[in-house]
Amino acid sequence: MTTPAYSGLGPALTYVHDRPLEPGTLVRVPLGKRELLGLVWEAPGLSLEGLEPGQARAVLQVFDAIPPLNAAWRGLASFAARYYQRSLGEVALAALPPQLRDLQAEQLARKLKRLAKAAAGNPKTQGRQVNQAADSEPQMPESLSVGDTKAGPELSPEQAIALQRFQAADRPALLFGTTGSGKTEIYLRAVQELLEQDPQAQALIMVPEINLTPQLEARFMERFARWGVVSLHSGLTPAQRLDHWLAAHQGRARIVLGTRMAIFASLPQLRLIVVDEEHDPSYKSQEGARYSARDLAVYRAKRESQGRSPAHCRVLLGSATPSLESWRAAEIGRYLKLEMPQRIGGGALPRLRLVNMNHQPKQCVLAPALLESIAERAARGEQSMLLLNRRGYAPVLACHACGWKSDCPHCSAHAVFHKIDRTLRCHHCGYSSRVPYACPGCGNLDIAPVGRGTEQLEEQLVGLLAHARRADGEPIRVLRLDADSTRAKGSLEQQLAGMHEGEFDVLVGTQMIAKGHDFRRITLVASVNADGGLFASDYRAPERLFALLLQAAGRAGRDADFVASQGAAVELWVQTWYPEHPLFAALVQHDYPAFATQQLEEREAALMPPYSFQALVRAEARTQEAAQALLNLAAQAGEPLPGREHLTLYPAVPMAIQRVANVERAQMLIESDSRPALQAFLAAWQEQLQLARSQPEAKGVLRWAIDVDPLAI
DNA sequence: AGCACGCCGACT
DNA sequence: GTCGGCGTGCTC
């Protein structure tokens, strides 16, 4: 009755034990020559009499020191496995802390005894652990209302109404709140009211990125340490992850904060799920079971409420730029829409300044007016932030004599020029080589960088601002933050702290600086080259660009007092060659609803999600032909399958980056107006895919995977 | 996924 | 003649 952590083996395996085991019990079982962690699953109608001798081996150990995973959790795991077309064992066992796999039952029992003792001796032990991880983040000053031990600020009327409507909601709620409108305070209050009113209740708070957990943790710890706050994300050590998981599973932690993996945390008394920045693509897993933690949050809340009132477990999705899926659900009343258009403290939203690059001096990096504005701000003690979505010095090196380009030898992509260590690096496979002295094609010495990355922007900015001075008369200081500059552990926190202290005047970086961080002195945000998102082949690109720009804009002017005392103009500058693009018309007005309406109309006309349902099958092989053959052969074989008549199967095509690490990749898009039809077809089709593998045309196929509700096509 | 079994190239 | 490459197949 256990499932192995292996994806090819679909249904549960059968084992025997000398006494009945409750479903959800963790066990240790033999499989082949190995000993594995297993999970007891329900086995309706199975009796020992029906078993051939030797058909079932014996359970080795029972982890009876911890309670079984409950029915709601098992329901979530089996739904996720079914919906995302993976085996139950893979989903269920991947959702457990990895260290559990290596532990013997007695070791776990001993650990639990120790934890119980520690918890009895010091009820705050749990909280301490978390705080250590979070202490590098500067704390937000809270305006404490006198006599209120809960130490929350007064809610604005708008917040109070949103919270009240959420508390009365009988369906998932979408909190559409401008950046700086105080969404986090709503989360905190919702959690507080729930945990005060129900002494057992647990809440799950999800954030898109690991970088954002420390500061959220700090805010939750500050108010709710007494209730036990733990985090769950991939940055924890294996031991921490097990501890935190156990704390949640045993109900010692009543608040769990985490990234997408936290959706599978065992929370026996789960009553509230918050998904912050619900539109963020990080919620969609890109490997293993390709689940959407946001979608599973909605499912899980419903499943937890099964057989109880619909509001037993509530779910709150928050965003300043909701996904079009959630937006539409709110429009048609499937979700409750809560709106908070005002910034707390009345801070003005940044004014959009579109820079028409057609009218700028030739070859200019930053418009002169933008440079000047940055310099003026630095002179007044204000900070600026520049976004450029490309790390490295230049995306490619090229020889103008023979046309040679710095291509990665293993991928169909350029190797990026990193000037700092004079390397060419492929961002897809990790290949790295020294920059050649002369062109490998023709020996020409004149090989030059083409295009611009953050390293180069930083360098040019320092040059362009050489004449300018800070308030203290010193030269302007530029900080670059991207995956390269923050590789060392703790260096992101350290550099962010420097930015907060005002050590730097200008911050240059990739996406990672646009999200969440609370910079107090930034009054200008600029997107150096936004056009990539305007005409990308991916139909979701405009949506992502809009979200990125608004989110980045939200970094500016967060401290209304600072802005007022400076008399600062809070601005978002966007450099573009296409200023007339309709996306910008909506952006000028900060009008997400208008943008969403326009995008949804396009989607409806083209019958794209959320007006249709998609799945993507990707194949990897030694040759492109084999990868495509597998998909096309399986498609042919799938003709008679259930649901097929409601589907469109497009021909297999090479992926955008066709070859990565010497593996050829192809994909096939499947579209349907019926989710059940798509589900039924995919479930049956797996077998055809498996069979197609043994055809001679598909020789050299390495693997294939189905991505249900893919984000990028 | 692991781990075994099984059939073809360069070494003591 | 063996060590070892990774292709194919199985695990209650």
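Keep in mind that what you see is a predicted model, and the values were worked out from it rather than measured. All chains are named by letter (A, B, ...) in the order of the sequence lines, taking the proteins before the strands, and each is independently numbered beginning at 1.
- The distance from atom CZ of A:Arg57 to atom P of C:dC10 is 17 Å, rounded to the nearest whole Å.
- A sub-4.0 Å separation between OP1 or OP2 of B:dA4 and a side-chain N or O of A:Lys33 is present.
- In this structure, the nucleotide among C:dT11, C:dC12, C:dG7 sitting nearest to the side chain of A:Thr14 is C:dC12.
- Partner A:Glu278 forms a side-chain contact (heavy atoms from CB on, under 4.5 Å) with one of A:Leu317, A:Val298, A:Val315 and no other, that one being A:Leu317.
- Between A:Lys699 atom NZ and C:dT8 atom C1' the separation is 11 Å, expressed in whole Å.
- As rounded to whole Å, 13 Å separates atom P of B:dG2 from atom CG of A:Leu37.
- Nearest nucleotide to the A:Arg622 side chain, out of C:dC12, C:dG7, B:dC3: C:dG7.
- When all heavy atoms are compared, the tightest approach of A:Leu242 to A:Gln99 is CD2-OE1, 3.3 Å.
- The interatomic distance linking A:Leu702 (CG) with C:dC6 (P) rounds to 12 Å, in whole Å.
- The separation between A:Leu691 atom CG and C:dG9 atom P is 12 Å, rounded to whole Å.
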message = The test is salt bridge (charged side-chain N to carboxylate O under 4.0 Å, His left out); show your working for A:Arg290 and A:Asp709 and say whether it passes.
response = CA-CA 9 Å; A:Arg290 268 95 161 146; A:Asp709 304 333; over 6 Å; no

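- Distance CG (A:Leu13) to C1' (C:dC10): 11 Å, rounded to an integer number of Å.
- Here A:Phe264 and A:Tyr291 bring their ring centres to under 6.0 angstrom of each other.
- A:Tyr15 places its OH atom 5 Å from the P atom of C:dC12, with the value rounded to the nearest Å.
- Rounded to an integer number of Å, the gap from A:Gln690 CD to C:dC10 P is 12 Å.
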